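What follows is a set of notes on a single structure, which appears directly below.
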Amino acid sequence: MTVAVIRAEGPREARRAIELLGGMGRFVSPGEKVLVKPNICAAKTSESGAVTDPELVAEVCCMAAEEGGEVVVGESPIHPFRSSRVFPRAGYGDFQERYGFPLLDLDAAEKVEIRIPGGMVVREEVVARPVLECDALINVPVMKTHLQTVVSLGLKNLKGVVPTRDKLIIHLRGLDQGIVDLNTVIRSRLVVVDGLVGMEGALGPTNGRPVRLGVIVAGDNVVEVDATCARIMGADPREIPHIRLAAERGLGRLEGYEVLGDGVEAVRREFELPARPDLNRFMISGILLRIYDLIRRPLDRLLGRSPTFRFGEVRLEAERCDGCRICVRACPVEAVSMEGNLPRIDARSCIACFCCAEACPRGALSRA
Ligand code: SF4
Ligand code: SF4
């Protein structure tokens, strides 16, 4: 198995990365139904680093079509966002007119319940029918951080094959193992990672800082691609739970595979990574957190910072919040309510899944 890493001036260079792997003919045969799955999680452009560049997606589609594939693109954004609002704002509104490939709203597609034999936390899941009916899934994520899973790459990108709020079940049962469970049955035949503009910081996957990296990574094994991208981002893949778990469950290797092109060291750039969840939990005791919370607000006022509130494991930066209520709809356990124009979280009900922070369009919510 092989991974190609290239410095890239623009999205069309995805072709060069795929050619290094032996060309698209290795992955797509004439007449096959191909589903290309980008990351269009939120109403942000690819310049933000949150979503895959539409031109890069189009290039992958063209290559698959040149091999005789019947190509469609499909995505379900973060719950509770609507595709009808997200796709145009992410630069995908005229994708079919511009490039000739249909863009399917997986939230509107027929839902099919599948079994996940050997699933550790998720044994049944709902998946959009076009995902099950395709012969080849080409996974096209963007290189970015994630406040709960540290990074969001190829393994994590598959959560978007689960429509609407059905994807919350993975958060409820355990995101790291749930992502791996899903990847055991929905397999990526080819992974092409958009690292042209990535995202770093604790507010990924939607509200972090853009990183102009100018890199494209492609490979035939999702674990190996993710391990390579983690190293490019300055992380050890063995310390990223979902990548390590995927390797332990036999989905791919963390090392010992071939890397072609420019290689990791030539393009490596330390991303600011979110703290790993277990560090928060084990290094600071609950008592210390309470003391810190007592002094945080007067300290914020003294330093002229936006007032912050901590509800269990979630932090709200009040001045960023515009009272849109999206966090109320995003929460799978109804722990969020509004108190005036600000959300209030019932810390006893909160399961620290961070769906609210993922969905907040203004980056007002984060890990405490
Ligand atoms: S915290 Fe974010 S999602 Fe919730 S009301 Fe404020 S801006 Fe909206
Ligand atoms: S309030 Fe807690 S349970 Fe609800 S979405 Fe946020 S982190 Fe998850």
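All residue numbers in this chain count up from 1 along the given sequence. Note that this is a predicted model, so its numbers are computed, not measured. Both counts, for ligands and for their atoms, begin at 1 and track the order of listing.
In this structure, the separation between CE on M233 and CZ on R268 is 12.0 Å, given to the nearest 0.5 Å. If you take CG on D166 and CG on L168, they are separated by 8.0 Å, rounding to the nearest 0.5 Å.
Of the protein's non-hydrogen atoms, the one nearest atom 3 (S) of ligand 2 is I351 N, 3.3 Å. For atom 8 (Fe) of ligand 1, the closest non-hydrogen atom on the protein side is C324 SG, 2.3 Å. The nearest protein atom to atom 4 (Fe) of ligand 1, hydrogens excluded, is given as C327 SG, 2.4 Å; this is a heavy-atom distance. The protein heavy atom nearest to atom 5 (S) of ligand 2 is C356 N, 3.3 Å. Looking from atom 2 (Fe) of ligand 2 to the surrounding protein, the closest heavy atom is C350 SG, 2.3 Å.
The residues E125 and K159 are annotated as not salt-bridged, no charged nitrogen and carboxylate oxygen being separated by less than 4.0 angstrom. Using a cut-off of 4.0 Å between Lys/Arg side-chain N and Asp/Glu carboxylate O, E55 and R12 are scored as salt-bridged. Residues R16 and E9 are not paired through a salt bridge, judged by the lack of any N-O separation under 4.0 Å between the basic side chain and the carboxylate. Ion pairing between a basic and an acidic side chain is recognised when a charged N comes within 4.0 Å of a carboxylate O; E133 and K33 show no such pairing. Classification of E32 and R189 as a salt-bridged pair holds, one side-chain N sitting under 4.0 Å from a carboxylate O.
Under 3.5 Å, the side chains of D107 and S76 contain a donor-acceptor pair of N or O atoms. A side-chain donor-acceptor contact under 3.5 Å links H146 and E358.
Distances shorter than 4.0 angstrom do not occur between any heavy atom of A357 and any atom of ligand 2.
Residue contacts to atom 8 (Fe) of ligand 2: H171 brings no N, O or S atom closer than 2.8 Å. Because the distance cut-off is set at 2.8 Å, C360 qualifies as a neighbour of atom 2 (Fe) of ligand 1 through one of its N, O or S atoms. Because the distance cut-off is set at 2.8 Å, C355 fails to qualify as a neighbour of atom 6 (Fe) of ligand 2, as none of its N, O or S atoms comes that close.
Shown in contact with F354 at under 4.0 Å from a heavy atom are these atoms of ligand 2, numbered in order with element: 7 (S), 8 (Fe). Taking every heavy atom of D322 and a limit of under 4.0 angstrom, the matching atoms of ligand 1 come to 7 (S), 8 (Fe). Each of the following atoms of ligand 2 lies closer than 4.0 Å to a heavy atom of V314: 7 (S). Counting atoms of ligand 1 from 1 in the listed order, those under 4.0 Å from a heavy atom of L365 are 1 (S). Within ligand 2, the atoms closer than 4.0 Å to a non-hydrogen atom of V333 are 3 (S), numbered from 1 in the order shown. Here is the list of ligand 2 atoms found below 4.0 Å of a heavy atom in P332: 5 (S). Close approach of ligand 2 to V336 (heavy-atom distance below 4.0 Å) involves ligand atoms 1 (S). Interface atoms of ligand 1 facing C321, defined by a heavy-atom separation under 4.0 Å, are 1 (S), 5 (S), 6 (Fe), 7 (S).
Only side-chain heavy atoms of P343 come within less than 4.0 Å of ligand 1; its backbone N, CA, C and O stay farther off.
For the pair R85 and F81, the cation does not sit on the ring face, since its NZ or CZ is not both under 6.0 Å from the ring centre and inside 45° of the axis.
Residue R244 qualifies as enclosed at atom CZ: its count of foreign heavy atoms under 6.0 Å is above 12.
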